[in-house]
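Structure, as structure tokens:
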Amino acid sequence: MAARNGLPKIHTVSLKKQDGICHDDSAPTVKAQTIDELHSLQKKKSAPTTPIDGTLSSFASLSEDERQKQQLQSISASLASLTRETGPRVVKGDPARKADTPKAASHDIHHHFTPTINVSDSSLKFTHVLYNLSPAELYEQAIKYERGSFITSSGALATLSGAKTGRAPRDKRVVKDATTEKELWWGKGSPNIEMDEQTFLVNRERAVDYLNSLDKVFVNDQFLNWDPQNRVKVRIVSARAYHSLFMHNMCIRPTPEELENFGTPDFTIYNAGQFPCNRYTHYMTSSTSIDLNLGRMEMVILGTQYAGEMKKGLFSVMHYLMPKRQILSLHSGSNMGKDGDVALFFGLSGTGKTTLSTDHNRYLIGDDEHCWSDTGVSNIEGGCYAKCIDLSREKEPDIWNAIKFGTVLENVVFEEHSREVDYSDKSVTENTRASYPIEYIPNAKIPCFGPHPKNVILLSCDAFGVLPPVSKLNLAQTMYHFISGYTALVAGTVEGVKEPTATFSACFGAAFIMLHPTKYAAMLAEKMQKHGATGWLVNTGWSGGSYGSGNRIKLPYTRKIIDAIHSGSLLKANYKKTEVFGLDIPMEIEGVPSQILDPVNTWADKKGFKDTLLKLGGLFKNNFETFTNYKIGEDNKLTEEILAAGPNF
Ligand SMILES: Nc1ncnc2c1ncn2[C@@H]1O[C@H](COP(=O)(O)OP(=O)(O)OP(=O)(O)O)[C@@H](O)[C@H]1O
Ligand SMILES: O=C([O-])CC(=O)C(=O)O
Ligand SMILES: [Ca+2]
Ligand SMILES: [Mn+2]
């Protein structure tokens with residue numbers, strides 16, 4: 001019975017057949033003749049999408065081939081650099097896949113590209129374009145080619161953003177030309193650090209040549225702004241699947257029909273973040289440079305892979321484009337009640353926009369960037385970007401549940417084997433983040449727009465612990481606090497107790513505004529007045545003492561406060577005025593211990609409270625000095641009222 005190699009011979013004839021009953025559970029064999037053929041069966045070709053309504057579309061008369069050709073030409077034009085004046089020879093698909101090699105693919109597509117005068121090796125090379133890939137395809141790209149990409153136990157894609165785990169505002173530059181010199185806010189306090197057109201082109205060339213040197217680049221064609229009248233078409237060219245998936249989540253995703261008719265983008269990002277800028281280049285002060293050119297409508301990213309630069313770079317562009325159309329751009333979250341009452345949540349990073357706008361009892365319009373036009377509020381984005389340090393299922397269930405397949409989880413730490421994320425782990429950074437499409441929140445309001453706001457909530461995380469948990473503001477106070485844009489987060493907790501430092505960031509987003517803060521403030525005042533919105537100041541920070549002795553106000557209490565604002569019940573409460581800041585604070589709120597509503601009650605050290613209050617008041621005064629010479633709105637009356645609405649002592 002032994003076979004030649006000494007092993008027992010295997011019986012291939014089923015013995016079971018002999019009893020007349022068929023126990024054979026094997027399925028029919030696959031049709032494929034080879035392994036390659038078998039693998040080719042795994043992926044079904046999707047049917048080519050055709051425009052739904054031919055009369056509406058300018059491309060409707062085009063054949064599929066023609067349309068594909070125009071799309072590739074448009075991408076090629078985006079990637080044009082001096083080494084290849086006509087743009088690279090682009091071909092769709094992953095170079096690692098045999099079927100995608102230029103020979104087999106669209107060889108007819110690039111025949112019209114005549115060789116350039118300066119033929120270089122790069123002009124002979126094809127650039128493979130991975131165009132608007134799906135999350136599943138991007139997962140595969142990330143896991144195969146990008147170190148640090150893993151699937152977590154809930155299905156999210158964990159990634160590392162590299163050396164930079166936050167934005168680099170000091171490395172962000174804006175081209176100053178004849179137009180922007182007049183239009184933008186420059187100088188002290190402004191986020192717009194200048195560069196010239198020539199330097200921009202040097203960096204652009206560096207980024208584009210880097211991208212063109214790669215085997216493949218990712219291209220996302222997407223939209224900003226859910227208001228159909230004011231939609232902006234954006235193209236993002238990047239080198240990482242992580243970046244492509246992040247933008248897939250954060251921008252508005254086009255339907256197949258919208259993508260077919262996309263045409264030329266209004267704005268293009270070249271993200272060459274893995275590659276540094278050249279420090280011998282004029283203006284460069286580090287190896288990171290984020291460059292915005294409003295004339296060319298382009299942005300170049302060198303030397304940082306932090307994905308938030310793309311999101312917030314586009315936000316800056318909206319802060320330029322929208323006010324030109326009398327539309328106010330806002331660093332705010334927004335949600336809507338069952339009765340259609342809309343609230344805005346302003347606040348600097350980490351103050352609670354995402355946490356508090358994501359409310360199981362209300363419809364989420366958006367968590368971070370909005371436009372307020374004559375027709376109401378619209379979200380700029382298609383996704384949310386939540387902080388996930390110390391995230392808990394109990395306190396933030398909707399965000400917790402949104403961290404699933406398709407979500408990008410930046411810089412989190414997970415258990416090696418189970419891939420269970422430890423949200424309390426700050427080993428990589430404290431700024432761990434989750435980026436997910438807005439529809440991952442169960443009660444998202446899609447399309448993401450709503451009527452004019454009823455409540456405007458200014459969030460401040462006061463680590464000094466002297467601002468009341470909630471105050472009702474009049475219009476002048478709302479403007480004063482909007483222009484001040486105060487928060488005091490504590491930088492790092494690693495080395496024990498640290499002094500809180502005050503941050504003042506005009507319009508709760510000085511890093512993103514392009515015009516002088518008073519321009520946005522005037523628009524906000526006008527809109528709030530016209531639509532009768534009420535302003536509120538909510539401290540999501542410390543109570544019972546400054547950072548170190550007090551504690552952060554419990555999230556469930558803040559939620560109760562926000563509930564009372566939404567329901568209108570807080571408007572009817574009894575109020576008293578505070579010292580120094582002159583804020584109107586309620587005496588009671590359902591579900592919140594009354595004694596915490598006046599911060600002085602929570603401090604054991606009363607003198608310490610008063611000293612800290614005066615110290616913060618002084619910081620506000622100092623900061624506001626920059627704005628005392630500016631007029632806000634049409635008449636001087638409002639300006640005077642605003643100046644008087646600050647701390648008084
Ligand atoms: N009382 C509170 N109110 C709000 N947030 C709180 C409170 N206590 C703790 N937090 C925590 O503070 C953080 C608020 O971050 P959030 O993501 O909402 O910031 P954000 O305003 O959206 O900032 P960014 O613009 O950077 O996205 C969350 O991690 C939340 O869990
Ligand atoms: O841009 C980021 O990194 C996150 C964010 O929303 C902010 O800082 O306001
Ligand atoms: Ca947020
Ligand atoms: Mn933000």
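Positions are given from 1, in the same order as the sequence printed here. Just follow the structure's listing: the first ligand is 1, and inside any ligand the first atom is 1. Please read all numbers here as calculations on a predicted model, not as lab measurements.
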So Y210 and F275, would you call those rings parallel, tilted or perpendicular, with 30° and 60° as cut-offs? parallel
Donor-acceptor under 3.5 Å (R362 side chain, S334 main chain): no
Is the F620 ring parallel, tilted or perpendicular to the H481 ring (thresholds 30°, 60°)? perpendicular
Could you tell me whether Y436 and Y385 have their ring centroids closer than 6.0 angstrom? no
Suppose I only count heavy atoms of H331 and a 4.0 Å limit; which atoms of ligand 2 are within that range? 9 (O)
Provide, to 0.1 Å, the distance between atom 2 (C) of ligand 2 and the closest protein heavy atom, together with that atom's residue and name. R167 NE, 3.2 Å
Residue, atom name and distance, where the atom is the protein heavy atom closest to atom 6 (O) of ligand 2: K312 NZ, 2.6 Å
Numbered in order shown, the ligand 2 atoms found under 4.0 Å of a heavy atom of R433 are 4 (C), 5 (C)
Would you mind reporting whether T375 and F449 have side-chain heavy atoms less than 4.5 Å apart? no
Which of parallel (below 30°), tilted (30 to 60°) and perpendicular (above 60°) describes F315 and F512? tilted
Note: D368, heavy atoms under 4.0 Å from ligand 2, region reported as side chain
When you measure from the Ca ion (ligand 3) to the N, O or S atoms of T355, does any of those distances fall below 3.0 Å? no
Between K312 and the Mn ion (ligand 4), is there a contact where an N/O/S atom of the residue lies under 2.8 Å from the metal? yes
Check D368 and report its N/O/S atom nearest to the Mn ion (ligand 4), by atom name. OD1
Under 4.0 Å to a heavy atom of K311 - the qualifying atoms of ligand 2, by number: 6 (O)
So the atoms of ligand 2 within less than 4.0 Å of a heavy atom of Y306 turn out to be 2 (C), 3 (O)
Centres of the W185 and Y520 rings: under 6.0 Å? no
